[in-house]
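Written out below as structure tokens is the structure these notes cover.
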Amino acid sequence: MALVGGVGASALPSELIVHIFSFLSARDKLRASAVCSRWRECLFYPALWTELKLRVGGGTNGSGTDETLKLEFLMRKIGSFVRELQLEFAPVEGYLSPLHDVEGRMEPAENDPQFSDRWKDAMNTYLDQVLCVLNSIRSNRNLQKLSLFGDTCILQDEGILDSAQFHQVDQGSKKIKEIQTLFEEVLTNSRRMKWLSSAFMLGMVTSSSLAAMSNPSATSVEHLSLLDNQLPSLVPAVEMERLLNLRSLALDFCDFTSDMCRLLSRGDHVPLHRLSLLINGTVLASKPLEGTASEEDWKALVRHSGNLRVYVMALDVRSQDLLTVLKPSLPLERIHFDSYSTCTSVAVVELISLQYNKTLTHFVLMRDDAGFPDLSDNRNEDPLVLLAWRCINLSVLVIHGYTVWAHNLVAISRLRGSNLRVLAVSEESIDFDPDPVFYLEEDPVHNLIKEVSLGLGRVWHPMMDTSIVLSEPFQHFYREMQSFSEGM
């Protein structure tokens with residue numbers, strides 16, 4: 001540590017050391033505390049740790065234990081007084097990478113003799129870290145924001161996380177039951193909760209968890225998001241009776257029932273501003289759409305909540321289901337289609353462009369498959385061009401996995417101009433039609449870049465790195481939902 005004004009760092013007054021710490025990130029605070037004992041004494045001054053954001057887990061080569069010890073130390077020091085805690089748990093990173101056999105063929109990771117041990121280590125690390133966090137905050141009465149995300153859904157999607165295998169890690173579900181109990185204790189002891197978010201936290205939240213929340217927190221909570229693809233709903237409609245000041249809500253679309261919508265429309269509830277809904281096509285068989293909010297329910301909610309805006313992610317959802325759920329009165333601002341096997345239809349895109357032409361700002365169309373379907377289908381009027389023409393507030397358009405004709409891309413850029421803040425189209429999605437305008441120069445790509453740049457009023461290029469948009473969809477939904485809700 002350098003000298004400050006000719007005075008050694010160890011001689012600085014405590015107030016000044018705390019002030020210096022206030023400008024540092026959590027990691028840099030810990031590093032700076034190594035200067036001397038005086039600096040270590042000032043490290044965990046409560047005013048320095050009102051907010052903590054961490055991403056833990058996902059380590060390999062035995063690093064999980066070391067990371068857990070560091071997490072335990074940090075949470076033991078600040079868990080009792082931290083006001084805003086945002087943690088992401090990633091226990092499976094690096095454990096599901098494919099393997100090659102001696103002939104170069106791809107083999108799934110679970111065929112690796114060492115996979116079972118690595119998987120058990122990863123899940124044990126995850127459970128221990130969740131227990132560590134909940135134990136440290138169980139008596140924190142001043143906790144105002146708790147946001148937890150567990151990156152475990154990939155295990156469920158791959159069929160790796162079944163009850164028999166999980167029993168090998170957590171016999172009798174002892175740790176899961178303890179996690180559920182601790183989470184309920186956190187809610188019971190809280191008095192000032194304003195933001196409560198749990199996404200895919202592997203059995204932590206149950207249908208009875210929300211009932212444990214203290215009445216003071218139930219009155220003060222403004223944002224609630226509970227997601228886990230579970231049955232029954234994690235947010236029973238009856239619990240909405242207590243959440244009178246709720247301004248932002250995120251949950252599975254199938255759980256947004258007619259009863260819940262009517263409760264939120266009542267005069268004793270403050271108007272809802274943000275609603276994020278996840279439609280997962282793979283669970284619709286067990287969680288049917290019957291009973292979800294009707295057109296009349298949406299009308300009543302919008303009458304009560306005039307500034308309400310909705311974000312929807314549709315993951316591998318059939319077009320006929322989408323045509324059912326996209327009610328005319330639903331005030332859709334953002335929609336994200338993400339699929340592996342299904343294909344968004346022209347009818348769905350046209351419905352969106354007609355019904356939500358005044359509210360839609362974000363349209364994301366993703367498909368992770370070798371085929372690149374063409375929504376224009378040799379028609380004169382491309383549905384994406386019509387979307388850009390009708391949706392006067394469109395500011396973000398992201399496309400990958402569908403064919404986008406170059407001349408239509410130029411038309412979109414000219415229609416929305418500089419108001420289209422993000423136009424991200426992957427290079428492999430772009431195709432060229434034999435229109436002579438694109439052959440005036442030797443390189444049609446260069447001509448496309450020039451024309452789109454002119455239309456947008458800024459330099460534009462096709463998207464080269466598709467990993468930017470091909471992120472894990474549940475993680476993407478969680479992060480988009482966070483920023484969408486925080487912007488209310």
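Position 1 is the first residue of the sequence; numbering continues from there.
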Atom pairs and distances, side-chain donor-acceptor, residues 418-428, under 3.5 Å, sequence neighbours left out:
from: Ser426; atom 1: OG; to: His400; atom 2: ND1; distance (Å): 2.7
from: Ser426; atom 1: OG; to: Ser429; atom 2: OG; distance (Å): 2.5

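A donor-acceptor contact closer than 3.5 angstrom is absent between the side chains of Tyr478 and Ser225. Using a 3.5 Å distance cut-off with no hydrogens or angles, the side chains of Gln86 and Glu51 do not pair a donor with an acceptor.
Glu84 places no side-chain N or O within donor-acceptor distance of the main-chain N or O of Leu52, the cut-off being under 3.5 Å. With hydrogens and angles disregarded, a donor-acceptor distance shorter than 3.5 Å links the side chain of Asn245 to the backbone of Thr219. Side chain of Ser319 to backbone of Ser345: a donor-acceptor contact under 3.5 angstrom is found. Judged by distance alone, with hydrogens and angles left aside, the side-chain atoms of Asp297 form a donor-acceptor pair with the main-chain N or O of Ser294 at under 3.5 Å. In this structure a side-chain-to-backbone donor-acceptor pair under 3.5 Å is present from Asn140 to Val82. Of the possible donor and acceptor atoms, one in the side chain of Gln355 sits under 3.5 Å from a partner among the backbone N and O of Leu326. Listed for the Ser214 side chain is a donor-acceptor partner under 3.5 Å among the backbone atoms of Ser190. At distances below 3.5 Å, at least one donor-acceptor pair connects side-chain atoms of Arg274 with backbone N or O atoms of Phe484. Formation of a donor-acceptor pair under 3.5 Å by the Asn393 side chain with backbone atoms of Leu360 is not found in this model. At distances below 3.5 Å, not a single donor-acceptor pair connects side-chain atoms of Ser485 with backbone N or O atoms of Gln482.
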Item checked: Audit row: Leu289, Phe253, side-chain contact (heavy atoms from CB on, under 4.5 Å) steps and yes/no -> CA-CA 8 Å; Leu289 293 167; Phe253 191 97; 3.9 Å; yes

Margin query: Could you go through Gln129 and Glu67, starting from their C-alpha distance and side-chain angles, then the distance that decides it, and tell me whether this counts as side-chain hydrogen bond (donor to acceptor under 3.5 Å, both in side chains)?
Written below: CA-CA 9 Å; Gln129 289 175 342; Glu67 188 178 63; 3.2 Å; yes

Margin query: Show, in sequence, the C-alpha distance, side-chain angles and deciding distance for Thr282 and Asn280, and conclude whether the side-chain hydrogen bond (donor to acceptor under 3.5 Å, both in side chains) test is met.
Written below: CA-CA 5 Å; Thr282 60; Asn280 188 349; 2.7 Å; yes

Next item on the list: Before giving the answer on side-chain hydrogen bond (donor to acceptor under 3.5 Å, both in side chains), spell out for Arg390 and Ser353 the whole-Å C-alpha distance, their side-chain angles and the decisive distance to 0.1 Å.
Entry: CA-CA 6 Å; Arg390 291 169 177 157; Ser353 68; 2.9 Å; yes

Next item on the list: Apply side-chain contact (heavy atoms from CB on, under 4.5 Å) to the pair Trp195 and Leu146, showing each step before the final yes or no.
Entry: CA-CA 6 Å; Trp195 181 291; Leu146 178 61; over 6 Å; no

Next item on the list: List the steps and the verdict of salt bridge (Lys or Arg N to Asp or Glu O under 4.0 Å) for Lys145 and Glu222.
Entry: CA-CA 10 Å; Lys145 180 175 182 176; Glu222 297 179 359; over 6 Å; no

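The closest side-chain heavy-atom distance from Met260 to Leu249 is below 4.5 Å. At a threshold of 4.5 Å between non-hydrogen side-chain atoms, the residues Phe432 and Ile430 count as touching. The closest side-chain heavy-atom distance from Leu227 to Val205 is not below 4.5 Å. Between Val398 and Phe363 there is no side-chain heavy-atom pair separated by less than 4.5 Å. Inter-residue side-chain proximity for Ser276 and Phe477 is flagged as met; some heavy-atom pair is nearer than 4.5 Å. When side chains are defined from C-beta on, Thr361 does not count as touching Val396, because their heavy atoms never get closer than 4.5 Å. Looking at heavy atoms from C-beta onward, Asp338 lies in side-chain contact with His336 at the 4.5 angstrom threshold. Val364 places none of its side-chain heavy atoms less than 4.5 Å from the side chain of Phe337.
Listed by first and then second residue, the salt bridge (Lys or Arg N to Asp or Glu O under 4.0 Å) pairs involving residues 191-214 amount to none (not counting sequence neighbours). Residue pairs meeting the salt bridge (Lys or Arg N to Asp or Glu O under 4.0 Å) criterion with at least one partner in residues 404-414, sequence neighbours excluded, are Arg414-Glu451. Under the side chain to side chain donor-acceptor pair (under 3.5 Å) criterion, the residue pairs touching residues 303-317 are Asp316-Ser341, Asp316-Thr342, with sequence neighbours excluded.
In this structure, the ring pair (Phe, Tyr, Trp, His ring centres under 6.0 Å) partners of Trp298, at least two apart in sequence or on a different chain, are Phe256. A search for salt bridge (Lys or Arg N to Asp or Glu O under 4.0 Å) contacts involving Arg416 returns nothing, not counting sequence neighbours.
Salt-bridge formation is not detected for the pair Lys358/Glu333: no Lys NZ or Arg NE/NH1/NH2 atom is positioned less than 4.0 Å from an Asp or Glu carboxylate oxygen. A salt bridge does not link Lys327 with Glu295: every distance from a Lys NZ or Arg NE/NH1/NH2 to an Asp or Glu carboxylate oxygen is 4.0 Å or more. A salt bridge does not link Arg262 with Glu296: none of the charged nitrogens is closer than 4.0 Å to a carboxylate oxygen.
A pairwise comparison of heavy atoms in Ile399 and Met463 identifies O-CE, 4.2 Å as the closest pair. Residues Leu284 and Cys254 share a closest heavy-atom pair of CD2-SG, 3.5 Å.
Leu332 contributes atom CG, which lies 10.5 Å from atom CG of Leu308 (distance to the nearest 0.5 angstrom). Atom-to-atom distance recorded for Ser147:OG and Lys53:NZ is 9.0 Å, nearest 0.5 angstrom. Atom CG of Leu354 is separated from atom CG of Leu387 by 9.5 Å, given to the nearest 0.5 angstrom.
Trp460 does not carry Lys450 over the face of its six-membered ring by the limits of under 6.0 Å from the centre and within 45° of the normal.
Aromatic ring pairs are classed by plane angle as parallel below 30°, tilted from 30° to 60° and perpendicular above 60°; the pair Phe200 and Phe149 is perpendicular.
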